[in-house]
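Here the structure is laid out as structure tokens; the discussion comes afterwards.
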Amino acid sequence: DSVSATSPTTTTEPPLVTEGATVVVANASGVPGSAGRMTTELATLGFTMAEATNSTQSGLSASIVQYDPSIAAAQAVAESVARSMGGLTVETLPTPPPVEGGSLNGAGVLVLLGTDEADKTIAQLSAPVASVAPAPEVSGTTTPATTTG
């Protein structure tokens, strides 16, 4: 949403904010173990991770990152997690949070892991979208017409 047209090709992203809020990954995908694996992936980037849990939502396709606005750094950490996972939606955490037990136990960021991101690595999620959809094949269609008169 906040892409500025003034800086062409310079994709200088701000550094990831990994400190100040604990991150919980909740499985909303229905893929067993995927939240635990994503927890490990995010931990390798330096995020402070809590134990993975299950979401009370299931069958979510696109993952969502939610944050607790009462924790100062939570929004910045949530936005960094969202960016790390390929640009997810970031929103305020509802009360109670949609996890088993209804509490994040003090963690400030919740990742509701959907099927689109389940069992993918951070490298796969942060890969440029352009590489996923190659340009249509156009060879042979650009032969210049020679007109002789």
Hydrophobic cluster membership, [X] vs [Y], 4.5 Å side-chain cutoff:
{"X": "Val25", "Y": "Val81", "answer": "yes"}
{"X": "Leu42", "Y": "Leu88", "answer": "yes"}
{"X": "Leu45", "Y": "Val24", "answer": "no"}
{"X": "Leu104", "Y": "Leu112", "answer": "yes"}
{"X": "Val111", "Y": "Val31", "answer": "no"}

Side chain of Ser55, backbone of Ala28: donor and acceptor closer than 3.5 Å?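 No, Ser55 side chain to Ala28 backbone: no donor-acceptor pair under 3.5 Å.
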
Between the main-chain N or O of Gly36 and the side-chain N or O of Thr40, is there a donor-acceptor pair closer than 3.5 Å?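 A pair under 3.5 Å: yes.
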
| task | Determine whether Ile122 and Met85 make a side-chain contact, defined as any pair of heavy atoms from C-beta on separated by less than 4.5 Å. | result |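 Side chain of Ile122 against side chain of Met85, heavy atoms only: contact under 4.5 Å found.
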
May I ask you to test the Met38-Leu125 pair for a side-chain heavy-atom distance under 4.5 Å?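 Counting from C-beta outward, Met38 and Leu125 do come under 4.5 Å.
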
Between [X] and [Y], which heavy-atom pair has the shortest distance, and what is it?
{"X": "Ser84", "Y": "Ser126", "answer": "O-CB, 3.8 Å"}
{"X": "Gly108", "Y": "Ala74", "answer": "O-CB, 3.6 Å"}
{"X": "Ala21", "Y": "Val109", "answer": "CB-CG2, 4.1 Å"}
{"X": "Ala52", "Y": "Thr39", "answer": "CB-OG1, 3.5 Å"}
{"X": "Pro98", "Y": "Gln57", "answer": "CB-NE2, 4.0 Å"}

Check your understanding: Out of Thr56, Leu110, Asn54, Asn27, which residue meets the side chain to side chain contact (heavy atoms under 4.5 Å, CB included) rule with Val99?
Key ->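 Only match with Val99 under side chain to side chain contact (heavy atoms under 4.5 Å, CB included): Leu110.
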
* Audit row: Val77, Ile71, side chain to side chain contact (heavy atoms under 4.5 Å, CB included) steps and yes/no -> CA-CA 10 Å; Val77 172; Ile71 297 174; over 6 Å; no

What donor-acceptor contacts under 3.5 angstrom involve side-chain atoms of residues 59-69, with partners at least two apart or in another chain?
| unit_1 | atom_1 | unit_2 | atom_2 | d |
| --- | --- | --- | --- | --- |
| Ser63 | OG | Gly114 | N | 2.8 |
| Ser63 | OG | Glu117 | OE1 | 2.6 |
| Gln66 | NE2 | Glu91 | OE2 | 3.0 |
| Tyr67 | OH | Gln75 | OE1 | 3.4 |
| Asp68 | OD1 | Ser70 | N | 2.8 |
| Asp68 | OD1 | Ser70 | OG | 2.6 |
| Asp68 | OD2 | Ser70 | OG | 3.2 |

Decide if atom CD of Gln124 counts as having more than 12 heavy atoms of other residues, nucleotides or ligands within a radius under 6.0 Å.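 Count over threshold, so yes.
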
